[in-house]
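All chains are named by letter (A, B, ...) in the order of the sequence lines, taking the proteins before the strands, and each is independently numbered beginning at 1. Please read these numbers as outputs of a predicted model, since none were measured by experiment.
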Number of protein chains: 2
Amino acid sequence: MQKATADKSDPIAAQLAPVGRETVQDRVYLELRRALIGGLFEPSQVLTIRGLADALMTSTMPVREALGRLITEKALEALPNRSVRVPPITLERMDDLLRARILIEGEAIALAATRMTPRQITTIESMLGEWDEMRALKHKKDVDREVTLNQAFHFEIYRACGSAVLIPMIESLWLQSGPCIRVAIYAFSDAGEVDTAHYHRTIVKAIAAQDAKGARDALIADISRPFTFLRSKLEAEAKKGQSV
Amino acid sequence: MQKATADKSDPIAAQLAPVGRETVQDRVYLELRRALIGGLFEPSQVLTIRGLADALMTSTMPVREALGRLITEKALEALPNRSVRVPPITLERMDDLLRARILIEGEAIALAATRMTPRQITTIESMLGEWDEMRALKHKKDVDREVTLNQAFHFEIYRACGSAVLIPMIESLWLQSGPCIRVAIYAFSDAGEVDTAHYHRTIVKAIAAQDAKGARDALIADISRPFTFLRSKLEAEAKKGQSV
DNA sequence: TCAATGCAAGTGTGATCACAAATCAAATAA
DNA sequence: TTATTTGATTTGTGATCACACTTGCATTGA
């Protein structure tokens, strides 16, 4: 044996590291991605390279590359000052995002409805139970877990659509709407009960029946909810701000 | 006056440089983008950072950031070797790309058909004439100009859809299908006459009549053409390769 | 008191260096 | 001849530095 490092000719070592070793850059990128989809950054928040580099325990190099990538995905915004921030929420942008999500995620779920295997359907059915578990201990509203579970449910379906082109686009859309969604979910939690499980149940039922149109409609209802809620909230604020 | 450089308080200088100064990184990124959409790189071609840096007369730094951005857009592909290449053409990927383009560009043109101003319609009408000009000197097939003109025509329409979310997605799709399209156009030129102008005329007619459905159908026919052509060519090659 | 000036800290950008991994070619062994 | 190995070159990655620009605050002037 020549080296102690992974050797592709060694089947065991190849299994331990079958793909290219993860780079710091990718780690940082995925970390920021997760934070954005989860809404951990607030809209209009400014991010600095050195600040993130310190927080992520690395140098500025991987961070600036990750930021550049997120800017091209419109997940972040490059200001003329050359500083970068989380895009602010506007009514126009929300409508725009929702329309695109209905169009593309609707298509993806319609495709998935005709292609999901019984095994995959069982998987998303089992996810419904987790919502019930969470409701059982509703005294503690765990927004993080809600976001994670919701994301896992949707992407389990989208992955089944079998399109290597649509899925990254959906990820980009979630990246862009992440900050808005988080704001909406917080507002939801204040306003009343979270009935996401009901919508997801409808989706699963349609998929199990291979009802593409029904699945699309149920999905549209599901993803529209936080947007319409947030929209009415923003309109109320705008009216109040205008009257003052 | 303190400095010889641009000063925002000086209205004249501000007009000369109204937005943020262009960075080398952006220049490189736009350059590579243009090359990809225009199909100047071949499918499966490997790109190296230092090679591009030399070609673009800059250091490796702006190039690696630009490559990273193009990889996140799926315009380029990161191999496990950590090298990057133009994604190869496969039948599945082509069908996937075409479906996504029909979905999203179809929606964009339907929106644009109801929103384009007479002035904008005049602009795309005038573009039709350029095809006739080009046909007049058809002895010299100028693929570059065909690609540029086609792109200008389509994006003049898409810009009118008024969606800041859909347009970048369409750009991403063009970026991904650029290499395929170029191959198809070359095959077209060999096969016979280019009748792009006819399809564009149909599109303009539908838009002028504010016929959203007609515009969408005409667009679908237009963008499907190179894909179906290339598909039959690839299938023929695959069959030949299989028999050998 | 208030506006303008000037300085200092912070920030993004591009270049360069060090290092590890991959690639390729020549040389060696079977 | 063919397969393996060894060494040199190339390549991507991460860190660091230098520079220009921005920002914020204190100082200065009227």
Side-chain angles (χ1 to χ4, degrees), chain A residues 1-10 13-14 16-32 41 44-72 76-86, chain B residues 1-10 13-14 16-32 41 44-72 76-86:
Chain A
M1 187 181 288
Q2 310 99 319
K3 298 179 185 177
T5 56
D7 186 349
K8 279 185 180 172
S9 63
D10 179 357
L16 289 175
V19 293
R21 300 137 312 298
E22 65 176 12
T23 67
V24 180
Q25 176 185 161
D26 290 336
R27 203 203 75 208
V28 170
Y29 173 68
L30 292 175
E31 202 81 29
L32 292 178
F41 297 132
S44 299
Q45 180 177 350
V46 173
L47 304 178
T48 66
I49 294 180
R50 287 177 174 88
L52 291 174
D54 290 345
L56 294 170
M57 307 265 293
T58 179
S59 78
T60 64
M61 182 58 56
V63 174
R64 56 200 279 193
E65 308 213 351
L67 287 186
R69 292 166 73 173
L70 290 168
I71 288 171
T72 65
L76 295 176
E77 193 180 33
L79 273 57
N81 318 338
R82 296 191 174 180
S83 65
V84 10
R85 69 169 175 185
V86 182
Chain B
M1 190 180 286
Q2 309 101 316
K3 298 178 186 178
T5 57
D7 185 348
K8 279 186 183 174
S9 62
D10 180 355
L16 288 176
V19 291
R21 299 136 314 296
E22 65 176 15
T23 66
V24 180
Q25 175 186 162
D26 289 336
R27 201 203 78 208
V28 170
Y29 172 69
L30 292 176
E31 202 80 30
L32 293 177
F41 296 133
S44 300
Q45 181 177 350
V46 173
L47 304 178
T48 67
I49 294 180
R50 286 176 173 88
L52 291 173
D54 290 345
L56 293 169
M57 307 265 293
T58 178
S59 76
T60 63
M61 183 59 57
V63 175
R64 55 200 281 192
E65 309 213 350
L67 287 186
R69 291 167 73 174
L70 290 168
I71 288 170
T72 64
L76 295 176
E77 193 181 31
L79 272 56
N81 319 338
R82 296 191 175 179
S83 66
V84 10
R85 69 169 175 184
V86 181

I'd like a table of atom pairs between the protein and nucleotides 8-12 of chain D - only N or O on both sides, under 3.5 Å - with the distance next to each one.
| unit_1 | atom_1 | unit_2 | atom_2 | d |
| --- | --- | --- | --- | --- |
| dG12(D) | OP1 | Ile49(B) | N | 3.2 |
| dG12(D) | OP2 | Ile49(B) | N | 3.1 |
| dG12(D) | N7 | Arg50(B) | NH1 | 2.8 |
| dG12(D) | O6 | Arg50(B) | NH2 | 3.4 |

Roughly how far, to the nearest 0.5 Å, is the [atom2] atom of [Y] from the [atom1] atom of [X]?
{"X": "Ile71(A)", "Y": "Tyr29(B)", "atom1": "CD1", "atom2": "OH", "value": "11.0 Å"}
{"X": "Glu65(B)", "Y": "Asp26(B)", "atom1": "CD", "atom2": "CG", "value": "10.0 Å"}
{"X": "Arg85(B)", "Y": "Leu79(B)", "atom1": "CZ", "atom2": "CG", "value": "4.5 Å"}
{"X": "Phe41(A)", "Y": "Leu76(A)", "atom1": "CZ", "atom2": "CG", "value": "8.0 Å"}

Shortest non-hydrogen contact between [X] and [Y], atoms and distance:
{"X": "Val63(A)", "Y": "Leu52(A)", "answer": "CG1-CB, 3.8 Å"}
{"X": "Gln25(A)", "Y": "Pro62(A)", "answer": "CA-CB, 3.8 Å"}
{"X": "Ser59(B)", "Y": "Ala53(B)", "answer": "O-CB, 3.5 Å"}

Item to check | Main-chain N/O of Leu56(B) paired with Arg27(B) side-chain donor or acceptor, under 3.5 Å | outcome: yes

Rounded to the nearest angstrom, tell me the gap between atom [atom1] in [X] and atom [atom2] in [N].
{"X": "Glu65(A)", "N": "dG14(C)", "atom1": "CD", "atom2": "C1'", "value": "13 Å"}
{"X": "Leu70(A)", "N": "dG12(C)", "atom1": "CG", "atom2": "P", "value": "14 Å"}
{"X": "Arg27(B)", "N": "dG14(C)", "atom1": "CZ", "atom2": "C1'", "value": "12 Å"}

Next on the checklist: At a heavy-atom distance below 4.0 Å, what parts of residues 52-64 of chain B sit against DNA chain C?
Outcome noted: Thr58(B), Ser59(B), Thr60(B), Met61(B), Pro62(B)

